[in-house]
Amino acid sequence: MLAIFAVQLTLAVLVTSVFACIQYRPLLFFSSGHTNNWAVLVCTSRFWFNYRHVANTLSVYRSVKRLGIPDSHIVLMLADDMACNHRNPKPATVFSHKNMELNVYGDDVEVDYRGYEVTVENFLRVLTGRLPPSTPRSKRLLSDDRSNILIYLTGHGGNGFLKFQDSEEISNVELADAFEQMWQKRRYNELLFIIDTCQGASMYERFYSPNLMALASSQVGEDSLSHQPDLAIGVHLMDRYTFYLLEFLEDIHPSSKANMNDLFKVCPKSQCVSTPGHRTDLFLRDPGSALITDFFGSVRKVEITMETINLTEPIQQTYSYVDQLPVSEIIHQKPKQKDWHPPDGFILGLWTLILLVFFKTYGMKHLKHIF
Amino acid sequence: MAAHRCSLSALLLIICSLLVFIVADSEKATLTGDHHATAVDNLQTVTETEEGAAAEEPAVEEERRWEETVVEEATADKEDTSAPETVVQSSVPQPKDDFQEELVIRPLHSGDIYASFQFRTLWETDFMRGNKVSHYRLFPKSLGQVISKFSVRELHISFTQGYWRTMQWGQPFLPSPPGAELWVWFQDSVTDVDGTWKELTNVLSGIFCASLNFIDSTNTVQPSASFKPLGIGNVTDHRFLRYATLPREIVCTENLTPWKKLLPCGSKAGLAVLLKSEKLFHSSFHSQAVHIRPVCQDWQCKTTSWELRQTLNVVFDLHTPGQGKLEWSLFKMFSRTLTEACPLASSSKIYIDITDDPQGEQFEVSPATHLLSQAMVLGDRRTFSVYDLTQQITFGTVRSLNLLIRWKSSEGDMLRPLLHAERYVAGYGLQTGEIHTLMYNNHPYRSFPVLLLDSVPWYLRLYIHTLTVTSKGKDNKPSYIHYQPSKDRVRPHLLEMLVQLPPNSVTEVTVQFERALLKWTEYTPDPNHGFYVGSSVISSLVPSIVAMDTNSTREQPLFSSFFPCKEESSYFMRVYTEPLLVNLPTPDFSMPYNVICLTCTVVAVGYGSLYNLLTRSFQIEEPSPGLAKRIANIIRKMRGVPPL
C-alpha cells in the first residue's frame, strides 16, 4: 500500500518535472536563432606559386563539409586550378601537410566558380544576390533571414584591400557595403567573416552592420606567413593561420560544444608570427555562447516528442533594423593615424615659401610689414 | 457457374480498366517498391480471405479483383525487358528504361593502354509534345529536365584533358577536342535559339561545375554542313544547331563528380567503382562526355527512345606509374578491382581487344576467358575477349576481378590510321601569322572527301583572299566553301570546306591572319599565357576494309554503335587537330603606375631644383671654432667679456 503510494508519488514528481522541462524546451530550442547554414569560400590568387591559398580554401571546405554543410549550401570559388595543373606531381590532389599526408581536394569536390569567373563583381553579386536570371542554383547564395553564413577569404592583400587574380582589388569599404546590403535584404542571421591575408585586420575595420563577427590572421602592418614547403611539390602548402585553424577544426565534431572564444585562441603569436585579430563589437550575442558548429557545421536541432508543446509566449524578437549603430559616423570616419598623410603645416609652409620668393624678388622692405 | 463468372469477369475487366485509368493517373508518381510489397501482401491476404469465404457480395469481389489486376499490371510493367502483352489493358503505359555498361581495354603499340567506359541508358518516353515527365528511374532527372525545358533534340558535351595522338595510338572510339566542346540541335519549335542557347550553357555550367557560361556569341558558330544530327530526325536546318568550344577549360575532379552522379548506380557498384580521380587524371589523355539523342527502337523505326550515353576515355602512360615491366592490371590502372556488376544494368561487360594478338604471342590476358566476340568498329573487324560481369563465375573464388595483361614481346606495328591531321601557326612577330592545317590521307589508292570546319576567334583577322589548298604541290579546289566573316566582339570566323583528298598524300590549307589589339579590359588576368584558337574539326566518310553493319538496331557492343552507319563500304570518322596558342600584342599593365611615379618624380625634382636656383643666396661663413675656443667663449659670455 505504502509502496504503491510511493511509486505514485515518484511518478507524479517525474511527470511534473518532465512537463516543466517541456515548457522550457521551446526557449532552449530557439536559442540560437538560425535554421540553415551557408558557406562562401573564396580563394583569390592565381598561378602555381599561390598553391597555398587554394589549399587554405579547400581545407576550410573540407571541414565545413565534414561537419554537415552540403555542397548545395557551399559556394566555393577557386581562382586557379592547382589539382590538375600540369606542374602538380600528383594530379587531382591538393595537400595541406608536407609528405602528402592529407589530401584536402578529396574525391567529391564541387567547385562553383573557377578560373576567370572569380572576380570582384561575381563575388559581390553572389553576396548580394544580384545575379543574372540564368545563373544556376549551385552558383547562388540562397540564404534567408535565418541563415548563418561563413565567409572565408584568402589571397594576397594589403591595408584596406584584397587582390583578386592579380588584376583587380576589393576594398574594405566595398565589402562593408556589401554586408550592409545583405543585412537590409535580410540575407543573413549571423555572419562569421574569416580572412587570411597580409594585413587582414584592415578588411574588417569598416564593417557597420549588426551580427557580424570577424577574424583575421594578422594586424595592420603585419604579414601573414606561410607554413611549410613540400620539397616534392616545390611550393608552400598552407598559410600558418589556416593550418592551425584546420588542426583546431579537425577536433570539432557535429555535437561539439566548443565556442567562439576557443576560435579566437587559435594560432597565438608564437605559432603564427603575426598577431591574429578579431572583432565582436557588432555581434549581439556573447561570443562565448556562439558554438563553432553554428557557423562551420549544419547541426539540425531535431527533437522527437510525442507531447504537444504550447508556445504560450511569443518568441522574443531580439533583432531590429539598421539604426542600431550610427552609420554615418562610421562611414565618414577619419583615416587611421598610422596612415601617412602630409602634416597640416605643409600648406602653411608652402605659402610661406611663396611669400618668401615674392619678397626676395620684389624687395625685403615689404617683409617687415608682414611680420 | 463458370459462364456466370466469365461474363462477370468481363464486366469487371471493363470497370477495372476505367478505375485503373483514374487511379494510375494519380498514383503514377507514387508507385514505389514499398507499394509493391504492400500490394503483394494485400494480394496474399485477399487470396486467403477469398479462399476462406464461400459466398461474397459482387461489389466486394469486384474490389478484390481490382487489386489483383492492378498489382499484376504494375509488376508486369516494371520489368525492363521485352514488353508484355498485358500492357494493352492499362491505358497509361509505364516508360521502359534500360541501362548497359561496358569497358573496352585496348593495349596500344606504344605500350600505353586505352580504356574506354560507356554507360548507356535507353528510355522509351517522350519529352516533347507537352508530356510532363515526372517519374525518373534510370534516366537522371537533371538532364531530363534540361531536355524538356530547352527543347533539345540532341546534346553532346565533352570535357577533355590532353590531346589524342592519332599516329601513336590509332583512332579513338569517340573523338573529342582538348578543353570543353558543346554542340546542340534544338527542336524546330524553338523560336529564340540564341536566348535558349545562352540559358542552356548557364544551366550546364551549374550541372557540370565548369565555366561553360563563357560560351557566348563570340565563340559560338552555326556549322552548315558538319555536325549533322547523330540521332533520328527530319530537321536539318542549321539554324537550330549551335557549336562552341572552350579550349582553355580544365578538367578535374570537380567535373568528374557530377558526371558520376548521373549514373544510375553512381560510383558505388558496377564499372563506375573504377573511376577514381587520382588515377584517372594521372594519364596522358582523359576525356569524359555526355551524349543525348533520340534513337530508333526497331528496324522500322516505329518507336523512338531517348538514349543517354556517358563515355569516359582514358589513356594510361606506360612510364607514369614508374613500372619497369610491361604489365597492366585493373588494380594498377584504377587502384580498384571489380566485385560486382551494377544491379540495375541489363548488361555489364568488359572487352579486351586481342585482334593484334590472336595466338597470344604478344601479350597474355589473365584470368583467361573463352568468351570471344567480334565487332566491326572503325572500319575493321576486331576480336575481343569478353568478361560478363553479370555472371558470378567471372569473379571466381576470390569474388573480385582483377584483369592482368602481360606483354611478352614488343614487336609488330600498328596499322597507319587512314586520316590524320595537324595544325600549327607559322610566322614571326606580333603583327601577322599564318595558320597551316595539314590533312594526311594514308590510303594507298582511294581518295575520299573531307569536311573541314574552322572556327577562328575574331581577334585573329583572317585574310581569306590568301586561303590556299594544295595537295601534292598542286592546287586543290574545294567543291564547297561556306565562309562567314567575323565581326569584332560579336562573332568568330567560320570556314567550312569540302576537300577531296587524293590517295597517299598530304593536303595543306593555309590562311594568313593579322592580330588585333584588344581593349585593356578584355585581357585575361594572365595575358602572357596567350590566347587559344579552338581545334579544327575534320569529318569524313572513310573507306573501310571490311563491310560495315548498317542495321543499327541489332545487338552490338556500345562502342561500335555510336556513329550511325548508312552504307557498308565506309564509316564515319571525325578527327580533331591541336588547338593553337597565339600571343596577342599585350600592353604592359604596370604602365599607369609607372607613369604616375615618373611624372611625380620629375615634377618634384624639377620644381625643387628650379626653386633652389631662384631663391638661394650665397653667404660667406666663418669656419666653426674648435672645441677649446667654444668652451672659452661660453665662459667669457658668462663673465660678460666679449668673445675671442
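Because the structure is predicted, anything quoted here is derived from the model rather than measured. Below, all heavy atoms of this structure are taken into account, side chains as well, without hydrogens, waters or symmetry copies.
No part of F164(A) comes within reach of chain B, as not one of its non-hydrogen atoms sits under 4.5 angstrom from that chain. Contact annotation for F214(B): only side-chain heavy atoms (C-beta onward) come within less than 4.5 Å of a heavy atom of chain A.
Contacts of H236(A) classified as ring-ring contact (aromatic ring centres under 6.0 Å, His included), with partners at least two apart in sequence or in another chain: none.
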Using atom types as modelled and no hydrogens or angles, find all donor-acceptor pairs between chain A and chain B shorter than 3.5 Å.
unit_1, atom_1, unit_2, atom_2, d
R46(A), NH1, D526(B), OD2, 3.1
N103(A), ND2, E278(B), OE2, 3.2
Y105(A), OH, E254(B), OE1, 2.2
D107(A), OD1, S277(B), OG, 3.0
V109(A), O, T257(B), OG1, 3.4
E110(A), OE2, K261(B), NZ, 2.6
R114(A), NH1, I250(B), O, 3.3
R114(A), NH1, E254(B), OE2, 2.8
R114(A), NH1, N255(B), OD1, 3.2
R114(A), NH2, E249(B), OE2, 2.5
R114(A), NH2, I250(B), O, 2.7
Y116(A), OH, R248(B), NH1, 2.4
Y116(A), OH, D526(B), OD1, 2.8
E117(A), OE2, N213(B), ND2, 2.8
S134(A), OG, N202(B), ND2, 2.8
K139(A), NZ, S205(B), OG, 3.4

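Ranked by heavy-atom pairs shorter than 4.5 Å toward chain B, the options A83(A), P136(A), A79(A), P91(A) are led by P91(A).
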